[in-house]
Amino acid sequence: MASSNSSRVESDADDDFTDEVVLDHFDDFTIASSWERFISDIEAICRLWMADGPKNLLEKGAVLLEYSKNSYKVKSEMKHAMKNYCMEYYFEINSDGKPADWNSTFHDLQLCFGVKEFLVITPQSASGVVLDAPEASKLLSAVAIALSNCSSLWPAFVPVHDPSRKAYIGIQNMGTVLTRRFEADRIGSQVPVKLMHLEGLYELFFSKFAYSTLDLSTHLFKVQFAMRLTYITLPYDDNNIEGIDPQNAKYGENLTSETSSETLWDNDCSWSEWFSAEDPVKGFELISIWLEKMVESSMEMAELENASPHEAEKWLISPCFAPNILEGSKGNQFGFASQLHLLVDALEMSFEAQFMEDFVSVENSGSENLKSSLVIPPPTVRDRVLKDLFHEGVHITDYILGGDKTSRAIKGAPLESLFAQFCLHSLWLGSCNIRAISVLWIEFVREIRWYWEESQPLPRMPANGSIDLSTCLINQKLQMLAVCIEKKCELSEDYQDCIGSEDQGDSLSEEESVVGDDSFITQINTEDFSGKVDRFPTAGDLHHSGITIPIVTGKPEDMNLFINKKPSECTRRGSAGIVKSMMLLESNECMHAPFTQEAPIMTEDMHEERLQAVEAFGDSFNFSAQLERDILTSDMSAFKAANPDAIFEDFIRWHSPRDWVEDDIEAEKSKDNWPPRGRLSKRMSERGNLWRNIWNSTPALPASEQKPLLDPNREGEKVIHYLETLKPHQLLEQMVCSSFRAAADTLTRTSYGELKEMVTKMQQLYLTMGPALRPLQVNHLSAEDSETIEDLRRLCVVFEHIEKLLTLAASLHRKLLRAPRLSREIFSDFYNLYIPRMGKGLIEETVKKEFEKKQIVRNDEREVVSNMFVPPTANQSWRKVLSMGNLLNGHEPILREIIFKLDNTVDGNHYAAPGACLYQHQIESYRMYISGTSNDLRVALSVVSCD
């Protein structure tokens, strides 16, 4: 019994095993052939894409199309009959409804056939198209069957014929018995004359749905028509700047008189003195659009061909950029940035020698690189530079207040100053190498010495008696030299005057000699003049610069007052006026403030030496420097001359009120209590005080009779010695700072309209230059400091980008001067695209592919835009045969795009499911897209049929 049961179990197991074997060998005859398996593969991929939807496809790595911001694609590869194919699905996100006819972000197939999402299947071959017609039909059928099995309404396309023809065939399941078929092809040459005109193109579309036997005059069809015409301005003439060597753009021998006499586009720009930049805007592209209108006959098309573009409903404009504006850091051959980069290279090389002469002498130059590559400009070029710097220089009275406020934070020379102009000339001298700079510097200093020795005013330097310590040290030294030359000339004139008037002075009577200008100074008691200067006892600067009292010469009716004066008043000399509410302690006379000498001007290094001396001695009253002693001696002499009865305490009360301690403030104010109750401070009353010793030994002399505090001969020779012995790296450090500042100040003077982005960017440039140049301003740079050099090179790149933006802004401003809104909008679009990618590379490709935004031209701006299309002349390269119509100032469109549509009503019998209402309305049964010119024509047709 058990045996019987076990045999039954084994029999059941064998039956199950047999069933499994049979199932494993089951053949699905729906995919038995390779063709059917190919359809199944396509269907599986389409079902997967449909199930995922656009959002999931993005997460799975859908690729953003280059021409659009919301169009993506996914692809999948498959194989059939020993051939590999690639199927791509194009879709959009955040896009509802039917796409418009004209959209710059459309894919080519979207524009041709008016579809939204679609499939493209291509063979993986060199041509990327299906060259065999049967294969193309079979491939399209496979995709159509797969999409029908998925119940998908996606249109599918297959590229065919030669790739240059841009030919496609396609099919779309409409969800019913209706099917839309697509076909596109192109004629690359010898376009029939009839198809060059709108009338012929209309008849071509009409022939697709009308019977050939119909009389077109009696059968009217309402065809929807839309047209887009593209015009482009004649390219701006830049031939006058071609062939100019960028290194010799200002002084090169190839800059002939013929070229320089031509008017360049940037002739009125601030940088035109140094170089001529290539116009970044080569022209403008204008698109005029006729929106959809109903056309009933070919005669209407003939009238439209003669219509002016001004009749179009919509105008769009976009600029055509020059290649250099898109080339990242490789372009801009004529700009400041490229020359500044060379100057930084010269700075890096300046540490190789101790003196400038070492770079000039080939024998002393140890580097072979210096001997071979760093060429010295010829003498004629250098003479031209020096002539421009000195002989043609303008004597500037006050350049310190000019320029951008933020530029003063950079310790360089002001733009119009002599050293700043030297730096700018050096940028364009030869290749801006260290040898060329050294030769020019040596001749520059030699020329300055000539001005000093001949006592000639120094060009481009104001002799206003002040030094701007916010500038570089070389500029301060040149300011000092200009003042010394002026003082030197004044001393020479005074000496000549004394010799010339010696005989006349001897004939004067004793009474006439007593009555001089100083004796006729009226004692003025003004409420605004107290004569008290609260300052540090060792510094006389505030007193020298703060007291200015008007001098009133005597009149005949004032002679009685002069005769009745006291003897002390008759001997008073150099008085600037009465000090309010202050009397002399012993004589009870009014205290007079004297005229004093101006404090001697000092450069930054002189101030540092002075402070170091003060710190070394500790106590400022010990007079660590002779200059302080001379200033105090001059003040005391002038005070004694203005107040003959004064004592040391009176001088302290006027010169250093902090060192006079009053016992009773109220007693000082009362006239009955005299003398005032007060005493010298502790440090002034010490035995052997140096101030009192100087007072006792100082004669009474007015400022006009004293020895000048500033010795112009001595200080001038010091300046010349400094310039002649300046080390190369110290010169280059100051040149780099001054060149960056001068170049930025030059660009700031450019007129570019109301572009807020450009104003902000220029301010940011100054803020960026400050930290980058600070190591050079504090003399912390060394030969091993490669990090600072790299920072400077990065600064050159930033400078270049901003220079390009400024050049573009200036070009747009000049071309659209009467349409400032368009200038602002175009620049703003470019700015927003360019700035995020600045310094990241691939700018050229990015801008070319993405900057396709066009600005709408308002009606009041159309005249300005139209005037940019200057009628072409006979000698210009332009199409001689005009055959397309719709001319704009003699310009025919470079591209004409037309869309014809015909809608029909669909009957209910066409539906597979009766009662369905999906297409119970007008349907676009015929659509033709035509694009091209008189020598190039492309036609794309879509037709809905009932299969």
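The first residue of the sequence shown is numbered 1, and numbering continues consecutively from there.
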Test side-chain hydrogen bond (donor to acceptor under 3.5 Å, both in side chains) on Gln456 and Trp450; report intermediate values, then the result. CA-CA 8 Å; Gln456 296 296 319; Trp450 181 89; over 6 Å; no
Hey, mind stepping through Ile652 and Trp691 against side-chain contact (heavy atoms from CB on, under 4.5 Å) and telling me if it holds? CA-CA 9 Å; Ile652 294 300; Trp691 281 50; 3.7 Å; yes
Should Glu717 and Arg449 be marked as a side-chain contact (heavy atoms from CB on, under 4.5 Å) after you check the CA-CA gap, both sets of side-chain angles, and the distance that decides it? CA-CA 9 Å; Glu717 288 296 334; Arg449 173 172 280 281; 4.0 Å; yes
Quick test of your reading of the model: are Lys718 and Glu609 salt-bridged, counting only N-O distances below 4.0 Å? no
Any salt bridge between Lys477 and Asp605, counting N to O under 4.0 Å? yes
Got a donor-acceptor contact below 3.5 angstrom from the [X] side chain to the [Y] backbone?
X	Y	result
Ser634	Ile631	no
Lys488	Trp452	yes
Asn643	His592	yes
Glu715	Met480	no
Asp358	Ala353	no
Arg741	Ala420	no

Give me the atom names and distance for the closest heavy-atom approach of [X] to [Y].
X	Y	answer
Ser738	Gly412	OG-CA, 3.5 Å
Ser438	Met356	OG-CE, 3.2 Å
Leu473	Gln734	N-OE1, 3.2 Å
Val360	Arg435	O-NH2, 3.2 Å
Ala436	Val375	CB-O, 4.1 Å
Arg382	Glu443	NE-OE2, 2.9 Å

About how many Å separate [atom2] of [Y] and [atom1] of [X], when rounded to the nearest 0.5 Å?
X	Y	atom1	atom2	result
Leu347	Leu342	CG	CG	12.5 Å
Ile376	Ile437	CD1	CD1	12.0 Å
Asp630	Asp635	CG	CG	11.0 Å
Asn433	Met349	CG	CE	8.0 Å
Leu710	Met602	CG	CE	10.5 Å
Lys640	Trp695	NZ	CH2	5.0 Å

Are a donor atom and an acceptor atom from the side chains of Thr750 and Ser270 found within less than 3.5 Å of each other? yes
Heavy-atom distance under 4.5 Å between the side chains of [X] and [Y], does that happen here?
X	Y	value
Leu481	Met461	no
Thr471	Gln476	yes
Phe336	Leu747	yes
Cys472	Cys737	no
Val798	Arg794	no
Leu343	Gln339	no
Ser637	Gln706	yes
Phe390	Leu418	yes

Sequence neighbours excluded, which residues qualify as side-chain contact (heavy atoms from CB on, under 4.5 Å) partners of Val445? Trp441, Leu723, Glu724
Would Phe422 and Leu440 count as a side-chain contact (heavy atoms from CB on, under 4.5 Å) here? Give the steps. CA-CA 9 Å; Phe422 169 84; Leu440 184 62; 3.5 Å; yes
Greater than 12 external heavy atoms within 6.0 Å of Phe355's CZ: no
Take a 6.0 Å sphere around NZ of Lys411 and say whether it holds more than 12 heavy atoms from other residues, nucleotides or ligands. yes
Using the ring of each side chain (for Trp, its six-membered ring), is Phe740 parallel, tilted or perpendicular to Phe799, with breaks at 30° and 60°? perpendicular
Aromatic contact, Trp428 with Phe275 (centres under 6.0 Å): yes
Could you walk me through whether Asp745 and Arg749 satisfy the side-chain contact (heavy atoms from CB on, under 4.5 Å) test, starting with their C-alpha distance in whole Å, then the side-chain angles of each, then the deciding distance to 0.1 Å, before giving a yes or no? CA-CA 7 Å; Asp745 289 345; Arg749 295 185 174 187; 5.7 Å; no
